[in-house]
S.K.: 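Could you have a look at this structure, given as structure tokens, before my questions?
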2 protein chains.
Amino acid sequence: MAGGISLKELAAELKLAPSTVSRALNDSYEISEATKKKVISMAEKLNYHANPFARSLRENKSKTIAVIIPERINSFFAQVVDGIEEIAQEQGYHLLIYNTHEDLEREQKIVNLLLNGRADAIAMSVTSQTSDVSHLQKLHDRGLPVIFFDRIRSEIPTTKFITNDYESAFEATKHLIQQGCKNITLLTLGKDLSISKERQRGYNDAIKSEGWELDPSMTLYCSHEEERNVELIEELLLSSNRPDGILASVEKLAFATYLAVKRTKLRIPSDLKLISFSNTSIAGILNPSLTTITQPAMSIGNECANLLIKKLTKPKQYELIDQVITIPSKLTIRESTLVE
Amino acid sequence: MAGGISLKELAAELKLAPSTVSRALNDSYEISEATKKKVISMAEKLNYHANPFARSLRENKSKTIAVIIPERINSFFAQVVDGIEEIAQEQGYHLLIYNTHEDLEREQKIVNLLLNGRADAIAMSVTSQTSDVSHLQKLHDRGLPVIFFDRIRSEIPTTKFITNDYESAFEATKHLIQQGCKNITLLTLGKDLSISKERQRGYNDAIKSEGWELDPSMTLYCSHEEERNVELIEELLLSSNRPDGILASVEKLAFATYLAVKRTKLRIPSDLKLISFSNTSIAGILNPSLTTITQPAMSIGNECANLLIKKLTKPKQYELIDQVITIPSKLTIRESTLVE
DNA sequence: TTGTATGCGTTATCAT
DNA sequence: ATGATAACGCATACAA
């Protein structure tokens, strides 16, 4: 459709062989400075742009990174994508985006699609439904560089970037305890996700470290539907054994909690203290402002892109070794956990 | 890197000619059902995936749409991208993302990059710095389908999707007036942006429709730096002629207003009523909850993708005619404009 | 219905 | 320092 001019046409215009022009444009040492100058200026004049597909076909690489995320772009994934995009653009890489919508089948389809080489590398965060990992295994077996972030699968021996979910959840729970909470509920999404497990473990250990008994009914499994979650939480808040502290393992559950609280007579933080994993920039203008554990989303994105590009550029020097790299989250205390 | 098997190898395995295999996989009418079945099953067995670059080179199309956005992915652009992604994935298209970071030079660079045919079509929202549109003109001249959304440039004769900025700003201002505001300030970003102009016009006309005098000092030009904006707004709120109503033309200026108000003794909505263009899902849990004009971001994304894909699929039937398509925004009244 | 040959636009190998 | 030629993997015009 676009149809600029080709290398051959440019060469004809210059009365040079295509190979010479190619070398000149690629700044080969075999070409004289004089012709290089001529070629480059003519290329600019005629607005020549190398056909990326011919080049990709020839060189067997695309200068493209694919990012697969599991849900609608929320503040966390938006920041990760921004972080990846920043580095990619800087390094002349292109960015493909795919959304699995928490659907394993879509994830498999997309992963299979990428097996054809459209992208040189992949950064992904898996679906909460991802039980079977054979599609991911295949990706890795084929030698396509893959990195996981946030929602990782340890079965695949590659580098993964996460935040310190365990420690953060531990710290968050301890913070609630320090602020006087005696009865803390964890709001979480699933049991399968790596991050859920780690956050649950952090919560569990914090409770146990007080010598308290761990009550399984104090972990509330929520869904992906907001209204349903609000109902669940409201029910929880109206129950006889209602919590005086809540740790929301993802942002949207904190928002659901605000909505649920609105439906009751309870007040944050006097009746209920709330802390949440969250990347929203407006935690500070919620009322009361929300104490958060902020994941270093932008940094995670940056690191993913940096490592992948290094691996692509210098495959011998950089290996995607099987390790989990942890970038710490940051606890920001605000009004929602204040002692009044 | 990835290196699956090629068509030729697949053909060899099947003891068929590559062309036959190609046709079978493309479901050509010339091929018998029997061989089609054989070919397809073998292709699956050997995990054959057509090389996208060879195909793109041959067919001169990439099944790829590029999206260019001007800033970090915020709730509006996230929703637009989600909307585009949804349709693209459904139709087997790939999505490239580029961020110009409000920088004209980057915009030019990216646009020039896309001149080489890497994407079949482009959906974009321009930079607030975009004064010179020659790079956009070139894109269009080359016949590359381009659509603008939200931040459009009317100089380029193509289809643009926006929301009813003028009417919404008018309605929003009228709403403030109905709620008793006598002194309304418009917070805006620039004077160059299409959307800013329209929203300003809507505000102006609403003020004038009351028979009031239009006071230029009641329009506050903000920056892209949050802290600076908070200071500007705080100053405004402490001035002798402070407003009793604010219309924020973009979300982040509403957030800045919340922060500025926090620093004063004023209260929303009793001392100051606030309404904002915004796509945040949490307008309802701000305190007080925020009256918003919600842009149909997801729909805008859907429409962009749909039209582009139609144009690509049936170029004769669908033209990107020079028109502006308006999808209305929705006013949702919440506490921040309540009469107490 | 299937096979053969060509070309898409590059880059790399081998000449000159 | 430059030119001729082949090859990347695919789809298609042409041949059988």
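Reminder, nothing fancy here: chain letters follow the sequence lines and each chain counts from 1.
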S.K.: Using atom CZ of B:R118 as one end and atom P of C:dG9 as the other, report the distance to the nearest whole Å.
M.R.: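 Taking atom P of C:dG9 as the reference, CZ of B:R118 is at 16 Å.
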S.K.: For B:K45 and B:E13, run salt bridge (Lys or Arg N to Asp or Glu O under 4.0 Å): C-alpha distance rounded to whole Å, both residues' side-chain angles, the deciding distance at 0.1 Å, then the answer.
M.R.: CA-CA 11 Å; B:K45 187 180 151 204; B:E13 198 66 39; over 6 Å; no
S.K.: Looking across every strand, which nucleic acid part, if any, lies under 4.0 Å from A:T35 by heavy atom: base, sugar-phosphate, or nothing?
M.R.: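 Touches sugar-phosphate only.
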S.K.: Quick one: does any side-chain atom of B:H140 pair with a main-chain N or O of B:P157 as donor and acceptor, under 3.5 Å?
M.R.: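 It does hold such a pair.
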S.K.: For A:L25 and C:dG9, give me the distance from atom CG to atom P, rounded to whole Å.
M.R.: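 In whole Å, C:dG9 P and A:L25 CG are 16 Å from each other.
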S.K.: In whole Å, I'd like the distance from the NZ atom of A:K15 to the P atom of D:dA4.
M.R.: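 Taking NZ of A:K15 and P of D:dA4, I get 14 Å after rounding.
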S.K.: Let me know the distance between NZ of A:K36 and C1' of D:dA1, rounded to the nearest Å.
M.R.: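 After rounding, the reported distance stands at 11 Å.
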S.K.: Expressed as a whole number of angstroms, how long is the span from B:E30:CD to D:dA15:P?
M.R.: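 After rounding, the reported distance stands at 15 Å.
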S.K.: Is it true that atom NZ of A:K109 has more than 12 heavy atoms of other residues, nucleotides or ligands lying nearer than 6.0 Å?
M.R.: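 No.
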S.K.: Check the distance between C:dT1's P and B:D27's CG and give it to me in whole angstrom.
M.R.: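 Value for this atom pair: 13 Å.
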S.K.: Under the salt bridge (Lys or Arg N to Asp or Glu O under 4.0 Å) test, which residues partner A:D322, sequence neighbours left out?
M.R.: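 For A:D322, the residues satisfying salt bridge (Lys or Arg N to Asp or Glu O under 4.0 Å) (neighbours in sequence not counted) are A:K160.
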S.K.: Identify each atom pair where a protein N or O and an N or O of nucleotides 9-12 of chain D are less than 3.5 Å apart, giving names and distance.
M.R.:
residue	atom	partner	partner atom	Å
D:dG9	N2	B:A54	O	3.4
D:dC10	OP1	B:Y48	OH	2.5
D:dC10	OP1	B:N51	N	3.0
D:dC10	OP2	B:L7	N	2.3
D:dA11	OP1	B:R55	NE	2.7
D:dA11	OP1	B:R55	NH2	2.7
D:dA11	OP2	B:S22	OG	2.9
D:dA11	N3	B:R58	NH1	2.0
D:dT12	O4'	B:R58	NH2	3.2

S.K.: Could you tell me whether A:E59 atom CD has more than 12 heavy atoms of other residues or ligands within 6.0 Å of it?
M.R.: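 Count over threshold, so yes.
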S.K.: Could you go through residues 32-43 of chain B and list every donor-acceptor pair under 3.5 Å that involves a side-chain atom there, pairing it with any protein atom two or more places apart or in another chain?
M.R.:
residue	atom	partner	partner atom	Å
B:S32	OG	B:T35	N	3.3
B:S32	OG	B:T35	OG1	2.7
B:T35	OG1	B:S32	O	3.0
B:K36	NZ	B:D27	OD1	3.0
B:K36	NZ	B:S28	O	3.0
B:S41	OG	B:K38	O	3.2

S.K.: In whole Å, what is the span from the CG atom of B:N60 to the P atom of C:dC8?
M.R.: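 Checked: the CG to P distance equals 11 Å.
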